[in-house]
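Take a look at the structure below.
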Amino acid sequence: MLDGMTASTSTPHVVAVDDDPSIRQLITNYLVDHDFRVSAVTSERELRSVLDRDPANLVVLDLRLGREDGLQIARVLRQETKLPIIILTGMREEADRVMGLELGADDYLTKPFSPRELLARIRALLRRAKMHESVSEAVAHVRLYRFEGWELNVKLRRLRAPEGDTITLRNAEFNLLLAFVASPQRVLSRERLLELSRLHNAEVYDRSIDVLVGRLRRKIEIDPRNPNVILTERGVGYIFRPAVETVLG
């Protein structure tokens, strides 16, 4: 079992997994110069050893590790930890990048990469992770949300219509609706909806946000073609119009 979240020290700990010694040295030197702690390893076994003894904040993972499958390592990381993951791929390895993101990686860089860009992406992901942690703690205390006669039960993961019927929602649809009701009457960009949805382990990706909004509208709108609950803010994103009552417990 991997155990990587979260380092308690104020200095962020990054684990770099790469079988190229020059890449490991490049990442280590640059991040250490910018006040990070870095553990550079070459394999899943070494990664597990590091995470078992020294909790990390983020993993930089090369998907091409010679004898090992970086995609499998990414899959296990996402299943067993909440660690942010940045994958490294070759310029022509688009299929690997897509698969890595579908397995739950948070970002990617193609080789050769700029250490400065890697640093910027690491800082952005760590800021996002901190925000996610605070939002998750808040949602954990909510039992259900109510809006215009509807009731979304967070604990039971169930949506009840004003007439009393239970509406079946797929996992991604439920999590997207949860993101909306937790931030009502606020314009949410597609990127923000993506971030909020991923808090709840939804398989939601940027290009599918619009599709999922369409599915939700068909289930909660009187007229999905003229929505009155989930409104579109052109060029920006969406806004959940109704006032929402939060019930704790």
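Here, residue 1 is the first one in the sequence, and each next residue gets the next number.
- Here the side chains of Leu31 and Leu119 are in contact, with some heavy-atom distance below 4.5 Å.
- Taking CG from Asp107 and CZ from Arg121, the interatomic distance works out to 4.5 Å, rounded to the nearest 0.5 Å.
- In summary, Arg218 and Asp223 do not engage in a salt bridge, as defined by a charged side-chain N under 4.0 Å from a carboxylate O.
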Practice item. Starting from the C-alpha separation in whole Å, work towards a yes-or-no answer on side chain to side chain contact (heavy atoms under 4.5 Å, CB included) for Arg158 and Glu151. Key: CA-CA 8 Å; Arg158 184 174 62 195; Glu151 184 175 281; 5.7 Å; no
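- Within the model, atoms CD1 of Ile27 and OG of Ser39 stand 12.0 Å from one another, a figure rounded to the nearest 0.5 Å.
- A salt bridge is absent between Asp19 and Arg67; no separation between the charged side-chain nitrogens and carboxylate oxygens falls under 4.0 Å.
- In this structure, Val59 and Val14 have side chains that are not in contact, with every pair of non-hydrogen atoms separated by 4.5 Å or more.
- Between the side chain of Arg48 and the backbone N or O of Leu51 there is no donor-acceptor pair closer than 3.5 Å.
- Between the Lys219 side chain and the Gly214 main chain, no donor and acceptor come within less than 3.5 Å of each other.
- A continuous path of Ile, Leu, Val, Met, Phe, Trp and Tyr side chains, each step under 4.5 Å between heavy atoms, connects Val60 with Val32, placing both in one hydrophobic cluster.
- Leu26 and Pro115 make their closest contact through CD1-CG, 3.7 Å (heavy atoms, listed as atom of the first residue, atom of the second, distance).
- Side-chain atoms of Ser49 and Arg53 form a donor-acceptor pair, as typed in the model, at a separation below 3.5 Å.
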*List the steps, then state whether ring-ring contact (aromatic ring centres under 6.0 Å, His included) holds for Phe240 with Phe147.*
CA-CA 10 Å; Phe240 193 81; Phe147 60 95; 5.0 Å; yes
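- Across all non-hydrogen atoms, the minimal contact from Ala172 to Leu212 is CB-CD1, 3.9 Å.
- Going from atom OG1 of Thr246 over to atom CG of Leu144 covers 9.0 Å, rounded to the nearest 0.5 Å.
- Using modelled atom types, one side-chain atom of Glu68 and one backbone atom of Glu44 make a donor-acceptor pair closer than 3.5 Å.
- His34 places a side-chain heavy atom less than 4.5 Å from the side chain of Arg123.
- Note that the CG atom of Leu176 and the CG atom of Leu178 stand 9.5 Å from one another [nearest 0.5 Å].
- Between atom CG of residue Leu83 and atom CG of residue Leu125 there is a gap of 11.5 Å, rounded to the nearest 0.5 Å.
- For Val15 against Ala56, the heavy-atom pair with the smallest separation is CG2-CB, 3.8 Å.
- Nearest heavy-atom pair, Val244 versus Pro184, reported as atom, atom and distance to 0.1 Å: CG2-CB, 3.5 Å.
- The hydrophobic clustering, which links ILVMFWY residues whose side-chain heavy atoms are closer than 4.5 Å, places Leu169 and Leu156 apart.
- Using a 4.5 Å heavy-atom cutoff, the side chains of Ile167 and Arg160 are not in contact.
- In this structure, Ser22 and Gln25 have side chains that are not in contact, with every pair of non-hydrogen atoms separated by 4.5 Å or more.
- Ion pairing between Arg37 and Asp54 holds under the 4.0 Å rule for side-chain N and carboxylate O.
- Rounded to the nearest 0.5 angstrom, Leu61 CG and Leu47 CG are separated by 8.0 Å.
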For this session: Give the C-alpha distance, both sets of side-chain angles, the deciding distance and a yes or no for side chain to side chain contact (heavy atoms under 4.5 Å, CB included) between Leu58 and Leu126.
Result: CA-CA 8 Å; Leu58 182 142; Leu126 292 181; 4.2 Å; yes
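- By the 4.0 Å N-to-carboxylate-O rule, Lys111 lies close enough to Asp18 to be salt-bridged with it.
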Margin query: Please determine whether salt bridge (Lys or Arg N to Asp or Glu O under 4.0 Å) holds for the pair Asp106 and Arg78, giving the CA-CA distance in whole Å, both sets of side-chain angles, and the decisive distance to 0.1 Å.
Written below: CA-CA 10 Å; Asp106 299 275; Arg78 183 49 63 237; 3.2 Å; yes
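- Of the residues listed (Asp20, Asp96, Asp69), the one engaging Arg64 in a side-chain hydrogen bond (donor to acceptor under 3.5 Å, both in side chains) is Asp96, and it is the only one.
- Salt bridge annotation for Glu148-Arg241: present, with a cationic side-chain nitrogen under 4.0 angstrom from a carboxylate oxygen.
- Taking hydrophobic clusters as Ile, Leu, Val, Met, Phe, Trp and Tyr residues chained together by side-chain heavy-atom distances below 4.5 Å, Ile230 does not share a cluster with Ile222.
- In plain terms, the two heavy atoms of Thr28 and Ala40 that are nearest each other are OG1-CB, 3.7 Å.
- Side-chain contact check for Asn175 and Asn171: at least one donor-acceptor pair (N or O, by modelled atom type) lies under 3.5 Å.
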Pair Glu221, Asn228 - check side chain to side chain contact (heavy atoms under 4.5 Å, CB included), show working. CA-CA 7 Å; Glu221 300 275 6; Asn228 191 45; 4.0 Å; yes
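- Using a distance-only test at 3.5 Å, with no hydrogens or angles considered, no donor-acceptor pair links the side chain of Thr232 to the main chain of Arg234.
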Side chain to side chain contact (heavy atoms under 4.5 Å, CB included), that's the test. Do Phe174 and Leu152 meet it? Break it down for me.
CA-CA 9 Å; Phe174 176 89; Leu152 184 68; 3.5 Å; yes
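- Considering only heavy atoms from C-beta on, Phe36 stays 4.5 Å or farther from Asn57 through its side chain.
- Inter-residue side-chain proximity for Leu188 and Tyr238 is flagged as unmet; no heavy-atom pair is nearer than 4.5 Å.
- The hydrophobic cluster containing Ile239, built from Ile/Leu/Val/Met/Phe/Trp/Tyr side-chain heavy atoms closer than 4.5 Å, also comprises Val187, Leu231, Val236.
- Within 6.0 Å of the CZ atom in Arg97, the count of heavy atoms belonging to other residues, nucleotides or ligands exceeds 12.
- In terms of heavy-atom proximity, Thr110 sits nearest to Tyr108 at CG2-CE1, 4.1 Å.
- Contact check for Val181 versus Trp150: no side-chain heavy atoms found under the 4.5 Å cut-off.
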